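Small disclaimer: the values here were computed from a predicted structure and weren't measured.
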Amino acid sequence: VNDAPLFFDAGVTGGQPWEPKNYDGKFDGPMPLHTALAKSKNMVSIRLLQAVGTHNAQDWIARFGFDPEKHPPYLTMALGAGAVTPLQMATAYGVFANGGHRVDPFLIERITDSKGKALNEPKPVPLEAAPRVIDARNAFLMTSLLGEVARSGTAARASATLKRNDIYGKTGTTNDSMDTWFAGFQKSLVAVVWIGYDTPRKLGDKETG
């Protein structure tokens with residue numbers, strides 16, 4: 001997919017004219033998708049969404065637990081213009097970690113009385129009973145792509161520091177470094193980290209996911 005400059009007028013974006021950039025300000029031409037994802041190449045993500053179709057993508061994300069109404073069908077979706085919570089993001093990454101099954105999380109693990117006796121203790125849905133929302137082959141390919149991010153891409157520091165090769169995930173940084181993210185998983189755990197301010201403001205220069 002070509003990592004080359006793009007420009008869109010207001011009719012395409014639903015708002016202001018848009019000339020997206022890569023974080024590093026460079027364009028590296030055609031490259032494999034796994035390389036583009038590892039390097040967070042925005043132009044490639046936008047071209048991929050163009051090929052898939054914005055309305056198709058808006059419908060598709062509901063499978064992962066996102067609210068389509070909070071993700072208007074414009075190309076800015078490719079760079080995370082919609083609204084999500086960390087819990088929604090963890091649910092979505094859990095689909096890849098679980099081979100294509102979506103396991104909805106619950107917040108209360110146990111309710112006990114004053115003597116410690118469990119009054120209510122919800123049990124996780126067995127994986128085979130959880131709805132399959134994507135094909136296992138799709139989940140395998142996404143896991144492979146996200147592993148490349150953690151081995152050689154923008155999250156390579158995670159694998160290098162922890163000396164592990166079983167980490168899969170993706171970094172994220174919004175415009176002007178207002179929010180930074182890391183979402184990822186390994187064999188038995190999905191984790192999402194968001195850093196930002198309750199009242200949005202810039203985190204500072206070079207603060208990234």
Side-chain angles (χ1 to χ4, degrees), residues 1-10 12-52 54 57 61 64 66 70-86 88-90 92-93 96 141-162 167-185 190-209:
V1 184
N2 198 8
D3 176 38
L6 289 165
F7 176 81
F8 303 98
D9 62 29
V12 175
T13 64
Q16 298 296 318
W18 184 41
E19 189 174 7
K21 306 289 186 186
N22 288 319
Y23 180 77
D24 60 9
K26 300 176 183 178
F27 302 102
D28 294 331
M31 64 179 64
L33 184 58
H34 70 89
T35 301
L37 188 69
K39 293 184 176 182
S40 286
K41 289 295 187 176
N42 291 336
M43 304 305 108
V44 171
S45 296
I46 294 166
R47 284 187 166 90
L48 188 62
L49 182 56
Q50 277 184 308
V52 169
T54 54
I61 62 173
F64 295 85
F66 296 120
K70 294 186 177 181
H71 298 268
Y74 296 107
L75 290 173
T76 49
M77 284 178 69
L79 307 187
V84 302
T85 67
Q88 287 175 323
M89 194 72 83
Y93 273 75
F96 305 135
L141 289 171
M142 280 304 305
T143 298
S144 177
L145 291 170
L146 294 169
E148 189 74 23
V149 177
R151 284 191 301 273
S152 66
T154 55
R157 188 173 174 184
S159 293
T161 302
L162 298 172
I167 297 173
Y168 312 88
K170 184 73 182 72
T171 58
T173 305
T174 61
N175 287 350
D176 300 321
S177 298
M178 303 284 276
D179 305 89
T180 64
W181 294 80
F182 181 77
F185 58 92
V190 173
V192 174
V193 178
W194 167 81
I195 299 175
Y197 291 102
D198 291 340
T199 301
R201 59 188 172 95
K202 296 181 181 181
L203 291 169
D205 188 40
K206 299 188 185 303
E207 296 294 333
T208 71

Could you give the distance from [atom1] ([X]) to [atom2] ([Y]), rounded to the nearest 0.5 Å?
X: Leu79; Y: Ile46; atom1: CG; atom2: CD1; answer: 4.5 Å
X: Leu6; Y: Met43; atom1: CG; atom2: CE; answer: 6.0 Å
X: Leu49; Y: Leu75; atom1: CG; atom2: CG; answer: 5.5 Å
X: Glu19; Y: Phe8; atom1: CD; atom2: CZ; answer: 10.5 Å
X: Met178; Y: Arg201; atom1: CE; atom2: CZ; answer: 10.0 Å
X: Phe66; Y: Met89; atom1: CZ; atom2: CE; answer: 5.0 Å

Check whether any side-chain N or O of [X] sits under 3.5 Å from a backbone N or O of [Y] as a donor-acceptor pair, and report yes or no.
X: Asn22; Y: Asp24; result: no
X: Asp179; Y: Gly196; result: no
X: Arg47; Y: Ala4; result: yes

Shortest non-hydrogen separation from [X] to [Y] and the atoms involved:
X: Tyr74; Y: Thr54; answer: C-CG2, 3.7 Å
X: Trp181; Y: Thr85; answer: CH2-C, 4.2 Å
X: Ala78; Y: Ser45; answer: CB-O, 3.6 Å
X: Gly147; Y: Tyr168; answer: CA-CD2, 3.4 Å
X: His71; Y: Met77; answer: O-SD, 4.0 Å
X: Thr171; Y: Ala155; answer: CG2-CB, 3.9 Å

(message) Given Leu37, which partner from the list Val149, Val44, Leu48 fulfils the side chain to side chain contact (heavy atoms under 4.5 Å, CB included) test?
(response)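 Checked Val149, Val44, Leu48 against Leu37; only one passes side chain to side chain contact (heavy atoms under 4.5 Å, CB included): Val149.
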Heavy-atom distance under 4.5 Å between the side chains of [X] and [Y], does that happen here?
X: Lys170; Y: Leu146; result: yes
X: Asn42; Y: Lys21; result: no
X: Thr154; Y: Tyr23; result: no

(request) Run the ring-centre check on Phe64 versus Phe96 and record whether the distance is less than 6.0 Å. (result)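 Close enough - the centres of the two rings lie under 6.0 Å apart.
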(message) Less than 3.5 Å apart, any donor N or O on the side chain of Glu148 or Ser144 sitting next to an acceptor on the other?
(response)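 Their side chains do not contain a donor-acceptor pair, so the 3.5 Å distance test is not met.
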